[in-house]
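Numbered from 1 within each chain, the chains take letters A, B, ... in sequence-line order.
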2 protein chains.
Amino acid sequence: MKDAKNETITDSEWEVMRAIWTMGQTTSRELIDAMNQLQGWSDSTTKTLLHRLINKGAVAQSGTSRPFVFKPIVGEKESMAAAATDLFDHMCAMRAGSTIAGVIKTRELSQADIAELQAILTEKAKTAPEQVQCNCLPGHHMCEEVEEHGQ
Amino acid sequence: MKDAKNETITDSEWEVMRAIWTMGQTTSRELIDAMNQLQGWSDSTTKTLLHRLINKGAVAQSGTSRPFVFKPIVGEKESMAAAATDLFDHMCAMRAGSTIAGVIKTRELSQADIAELQAILTEKAKTAPEQVQCNCLPGHHMCEEVEEHGQ
DNA sequence: CCTTTAAATTTACATCTGTCACCTTTCAAC
DNA sequence: GTTGAAAGGTGACAGATGTAAATTTAAAGG
């Protein structure tokens, strides 16, 4: 599965992708109805988004006769990972930990998820540093306190 | 500290915020130079962004005589949390776990971060469900496989 | 074949974003 | 006071986004 790092998927396009990913494959009518339900979008809106997604290479159109079939080209897992990476890449490295903590606290996770995370953490603990450096500003600035970042 | 949920902070504005958060407080000159270093932006660009941030209520201008001082109004922690929440809110709940796993694998975390995460997980395990339901489409659709979501 | 009608494609357009150049006000030194 | 360099503020503009109307095309029934 290709990932979606190259061409950016926007917020509303993302909603469409979610539907497509979940449906696995769909006809434009099905998709339009779903989007109308979920977002209250007009037919046109969904069509436009679908086309943009096709142009971006995120969705494929297949079939020869009219009710074409659309299916995802980029993977959901890959796209989600890319989105998450993108987010954290723009945040202070020093605070990634507590941000992740916040996410974990507020999301629903399955027993399996938790087990996996714990395994990863245990492994990571073996080589984790005592402190993560702030990567917000070049040299001359180095964050001191975790609580109040700068100042 | 107020959070930044109301007024959205865009990508480039975020870069400015990072600098301001780290510096704690700054004069426009300092900020402009920093942004020029980090992003290669022209003076104007930083000024514009700084102003937009002020209008959005994310940064405060203080002082009476000319070299004014700017400082953050919205907190870094809060803003990061909001951004993360925002991201995960748009993703399939069923896949949040593995996405978090991916993030943890690729980020640098301190021993303390890891310990905190483990504590949270242990606590969470007590009440975690066996399976998390997909929340992408209304009723009629329910994801079966974790590996290949729909289809 | 012709018509109807769903599907597909184009065009539209207001806003938001990223980036700036340029104009205006001050402070500070003559 | 006058002036010139900073600091501060405005206007601009191309491209991205969200949202949708209008137009074209083709499948299906008569």
Side-chain angles (χ1 to χ4, degrees), chain A residues 4-20 23 25-71 79 83 86-87 89-90, chain B residues 4-20 23 25-71 83 86-87 90:
Chain A
K5 205 169 294 171
N6 335 317
E7 293 285 358
T8 309
I9 291 177
T10 73
D11 282 349
S12 48
E13 284 167 356
W14 188 272
E15 292 306 325
V16 175
M17 286 310 294
R18 270 181 85 175
I20 298 181
M23 302 197 269
Q25 82 169 48
T26 177
T27 146
S28 77
R29 176 48 41 199
E30 266 188 309
L31 187 65
I32 287 173
D33 291 342
M35 287 306 117
N36 179 270
Q37 287 273 302
L38 284 109
Q39 318 281 327
W41 287 342
S42 80
D43 293 22
S44 303
T45 300
T46 301
K47 287 184 197 171
T48 299
L49 258 10
L50 180 57
H51 276 205
R52 287 184 182 167
L53 251 2
I54 290 175
N55 289 331
K56 290 185 178 179
V59 171
Q61 188 185 59
S62 57
T64 45
S65 74
R66 226 51 188 310
F68 296 141
V69 170
F70 301 87
K71 55 184 66 169
S79 297
D86 211 62
L87 178 72
D89 276 352
H90 289 296
Chain B
K5 206 169 293 170
N6 334 318
E7 294 284 358
T8 310
I9 290 177
T10 73
D11 282 350
S12 46
E13 284 167 356
W14 188 272
E15 292 305 326
V16 175
M17 286 309 294
R18 269 181 84 175
I20 298 181
M23 303 197 268
Q25 83 170 45
T26 176
T27 146
S28 77
R29 175 48 41 198
E30 267 188 310
L31 188 65
I32 287 173
D33 290 342
M35 287 305 117
N36 179 269
Q37 288 272 303
L38 283 110
Q39 318 280 327
W41 286 342
S42 80
D43 293 21
S44 305
T45 301
T46 302
K47 288 183 197 170
T48 299
L49 258 9
L50 181 56
H51 276 204
R52 286 185 183 167
L53 251 2
I54 290 175
N55 289 331
K56 290 183 178 179
V59 171
Q61 187 185 61
S62 58
T64 45
S65 74
R66 223 56 190 304
F68 296 142
V69 170
F70 301 87
K71 54 184 68 170
D86 211 64
L87 177 72
H90 290 296

Outermost contacting nts on DNA chain D, any atom under 4.0 Å from chain B heavy atoms, listed 5' then 3', are dA7(D) to dA12(D)

Can you work out whether Thr10(A) or Gln61(B) has the more 5'-proximal nearest nucleotide on DNA chain D?
Gln61(B)

Nucleotide nearest Thr45(B) (side chain, heavy atoms from C-beta), chosen from dC27(C), dA6(C), dT19(C):
dT19(C)

For atom CZ of Arg29(B) and atom C1' of dT26(C), their distance in whole Å
15 Å

In whole angstrom, give the distance that lies between atom CG of Leu31(A) and atom C1' of dA6(C).
16 Å

When all nucleic acid strands are considered with a 4.0 Å heavy-atom cut-off, which category describes Ser65(A): base, sugar-phosphate, or nothing?
sugar-phosphate

Have a look at Asp11(B) and say if it touches a base, only the backbone sugar-phosphate, or nothing, with a 4.0 Å heavy-atom cut-off.
sugar-phosphate

Verify whether one side chain among Ser42(B) and Thr45(B) offers a donor that lies under 3.5 Å from an acceptor in the other.
yes

From Met17(B) CE over to Leu50(B) CG, what is the distance, rounded to the nearest 0.5 angstrom?
9.5 Å

Close side-chain approach of Ser28(A) and Lys47(A), heavy atoms under 4.5 Å
no

Here the gap from Asp11(A) atom CG to Leu49(A) atom CG, rounded to the nearest 0.5 Å, amounts to 10.5 Å

Considering heavy-atom distances to DNA chain D, does Ser44(B) or Gly40(A) have its closest nucleotide positioned more toward the 5' end?
Ser44(B)

Whole-Å distance between dA28(C) P and Arg66(B) CZ?
11 Å

Find out whether Glu15(B) and Thr10(B) are in side-chain contact, i.e. whether some heavy atom of one side chain is under 4.5 Å from a heavy atom of the other.
no

Any side-chain heavy-atom pair of Ser62(A) and Lys71(A) under 4.5 Å
yes

Grab the CH2-C1' distance between Trp14(B) and dC16(C) for me, whole Å please.
18 Å

Please give, in whole Å, the distance from dG18(C) C1' to Lys56(B) NZ?
12 Å

Under the side-chain contact (heavy atoms from CB on, under 4.5 Å) rule, what do Trp41(A) and Val16(A) come out as? Steps first, then yes or no, please.
CA-CA 11 Å; Trp41(A) 287 342; Val16(A) 175; 3.8 Å; yes

Using a heavy-atom cut-off of 4.0 Å across all strands, would you classify Glu15(B) as base, sugar-phosphate, or nothing?
nothing

Quick one: Trp41(B) CH2 to dA21(C) P, roughly how many Å, whole number?
15 Å

Rounded distance (Å) that lies between atom P of dC16(C) and atom CG of Leu49(B):
16 Å

Suppose we call a contact any N or O donor and acceptor under 3.5 Å apart; does that hold for the side chain of Arg52(B) and the base of dT19(C)?
yes

Interatomic distance where NZ belongs to Lys47(B) and C1' belongs to dT25(C) [whole Å]:
12 Å

